[in-house]
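See structure below.
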Amino acid sequence: GNHRVNANAYNLGFVKLFYGETGAYWLNEYEPEKNAHSGGFGWLIDGDTVLIDRDEYAPEGADWERIFGMGFFRKRLGASGLFLERSIVAPGDREGPYLLSSVSIYNDSDHLKEITLIEYWDVNLRLIDDFLLWGGLADQGRDYRMEVELEGPALKAVPRVRPPAGQAPRKPTLVYPYLPSVFLASPLRDPDAWIISPQELFENGQPIKDPEKLRRAGVENPRAAALNQDKICLAARFTLRIPAGEGIELIFAYGYQNPFELDKKDFFAALQKELAGVQAVS
């Protein structure tokens, strides 16, 4: 975590982001039976080979490790002439409400590879109602439907019900009537497609491993009316050409806007500028 966000990283390879500004929620609760897998992992597709940086899906004999550090979670997966490293960080030098997911892919073969990368995070808000007995009761009947929209470099799931302009809570509350939005941003590279339907990535609680289905997943400009959360995920698909012996890096931000930041016009422009600086430093 940092001054604003906290997250849990798990040995299976996924990450859950906590939200505590107008309530106490997991923004992407892990419920695989509902095709909700939290996020912080993805698919790497090379021909008929499909790699997923999750422990239970790492190929037998692959180089696979998880590193739990101070403020970061790093995964390394090497197989079939490809090496993937994903570092998920709560940036300590800034107070943005997001995690950074830095993905590096190295072509360890002797020929050019054209691969597909899918970066996946979920939307599955769940109130943590153990703090007060009435928390769960107050949450019943809440409208959890979300509308999916693009704004600059980000794909957002925005709550259908928003607070009146200028209204803010007078004091902290466990169950505030309005929910935050959740976003996945790709500020330095436009994806070939955005994926908003978890049914394109999971089936019966398991990730899809059909390379052709994965290469076709998503659309360039997704638009959706208000949907229940089990119909929404936030994922981006890229086609990458990597010469032999070379690598490529992509940076993503997964985070939230609290109910009073939804109308900030410069939110994602500032994020894009900030992450461009991160890329320059790296």
Side-chain angles (χ1 to χ4, degrees), residues 1-10 12 14-41 73 88 90 95-99 101 120-149 154-165 167-185 196-199 202 205 224-235 253-264 267:
N2 59 22
H3 291 162
R4 191 165 181 188
V5 299
N6 291 278
N8 278 5
Y10 295 84
L12 281 177
F14 62 86
V15 174
K16 286 169 39 174
L17 182 58
F18 175 76
Y19 172 80
E21 295 187 15
T22 53
Y25 297 86
W26 292 116
L27 295 184
N28 54 340
E29 178 63 286
Y30 181 68
E31 295 181 298
E33 70 280 3
K34 299 180 180 179
N35 286 335
H37 289 257
S38 293
F41 64 93
F73 176 43
I88 298 174
E95 296 186 3
Y98 56 80
L99 301 172
S101 176
Y120 161 79
W121 294 83
D122 198 28
V123 180
N124 191 29
L125 276 70
R126 288 292 179 268
L127 179 74
I128 303 173
D129 59 6
D130 297 333
F131 299 112
L132 294 173
L133 294 177
W134 53 264
L137 294 175
D139 190 54
Q140 290 183 6
R142 182 196 298 277
D143 191 341
Y144 272 98
R145 286 177 292 176
M146 296 280 187
E147 297 175 348
V148 177
E149 59 186 52
L155 178 65
K156 304 196 306 179
V158 181
R160 179 175 179 269
V161 180
R162 307 188 190 191
Q167 178 178 317
R170 294 182 178 179
K171 60 182 180 179
T173 178
L174 178 66
V175 187
Y176 189 67
Y178 305 105
L179 298 170
S181 69
V182 186
F183 68 81
L184 172 64
I196 65 171
S197 172
Q199 282 71 33
F202 302 96
L227 297 171
N228 292 330
Q229 290 183 88
D230 59 358
K231 304 294 185 185
I232 296 176
C233 70
L234 303 176
Y254 173 73
Y256 62 83
Q257 291 176 282
N258 72 38
F260 316 105
E261 293 175 316
L262 293 178
D263 295 323
K264 288 181 66 175
F267 186 92

Apply side chain to side chain contact (heavy atoms under 4.5 Å, CB included) to the pair Phe260 and Thr22, showing each step before the final yes or no. CA-CA 10 Å; Phe260 316 105; Thr22 53; 3.9 Å; yes
Are the charged groups of Glu147 and Lys156 less than 4.0 angstrom apart, N to O? no
Quick one: closest heavy-atom pair of Ala7 and Leu99, and the distance? CB-CD1, 3.9 Å
Criterion side chain to side chain contact (heavy atoms under 4.5 Å, CB included) on Asn258 and Tyr19, from CA distance to verdict: CA-CA 9 Å; Asn258 72 38; Tyr19 172 80; 3.3 Å; yes
Is the shortest side-chain heavy-atom distance between Leu155 and Ile196 below 4.5 Å? yes
Does some side-chain heavy atom of Ser197 sit less than 4.5 Å from a side-chain heavy atom of Cys233? no
Check: Gln229 and Arg126 side chains under 4.5 Å, non-hydrogen atoms: yes
From His37 NE2 over to Tyr120 OH, what is the distance, rounded to the nearest 0.5 angstrom? 6.0 Å
How long is the span from the CG atom in Asn35 to the CG atom in Asp230, to the nearest 0.5 Å? 9.0 Å
List the steps and the verdict of ring-ring contact (aromatic ring centres under 6.0 Å, His included) for Tyr98 and Tyr256. CA-CA 6 Å; Tyr98 56 80; Tyr256 62 83; 9.4 Å; no
Do Val158 and Val148 touch side chain to side chain, with heavy atoms closer than 4.5 Å? no
Is there a side-chain contact between Phe14 and Asn28 (heavy atoms, below 4.5 Å)? no
For the pair Phe202 and Phe41, name the ring-plane relationship: parallel under 30°, tilted 30 to 60°, perpendicular over 60°. perpendicular
Would you give the length of the straight line joining atom CG of Leu127 to atom CH2 of Trp26, rounded to the nearest 0.5 angstrom? 12.5 Å
Could you pull out the closest heavy-atom pair between Pro259 and Pro163, with the gap in Å? O-CG, 3.5 Å
Salt bridge Arg160-Asp143, side-chain N to carboxylate O under 4.0 Å: yes
With Glu261, which residues qualify under salt bridge (charged side-chain N to carboxylate O under 4.0 Å, His left out), at least two apart? Arg4
Would Arg162 and Tyr178 satisfy side chain to side chain contact (heavy atoms under 4.5 Å, CB included), going step by step from the backbone distance to the final call? CA-CA 6 Å; Arg162 307 188 190 191; Tyr178 305 105; 5.6 Å; no
Do Val15 and Asn8 touch side chain to side chain, with heavy atoms closer than 4.5 Å? no
What distance do Tyr254 atom OH and Phe183 atom CZ have between them, rounded to the nearest 0.5 Å? 9.5 Å
Tell me whether the rings of Tyr144 and Tyr25 are parallel (<30°), tilted (30 to 60°) or perpendicular (>60°). perpendicular
Before giving the answer on side chain to side chain contact (heavy atoms under 4.5 Å, CB included), spell out for Asp122 and Ile232 the whole-Å C-alpha distance, their side-chain angles and the decisive distance to 0.1 Å. CA-CA 7 Å; Asp122 198 28; Ile232 296 176; over 6 Å; no
I'd like to know if the side chain of Gln257 and the backbone of Pro180 have a donor-acceptor N/O pair within less than 3.5 Å. no
Could you measure the distance from the CG atom of Asn228 to the CG atom of Asn124? Nearest 0.5 Å is fine. 11.5 Å
Could you state the interatomic distance from CG (Leu27) to CZ (Phe18), rounded to the nearest 0.5 Å? 9.0 Å
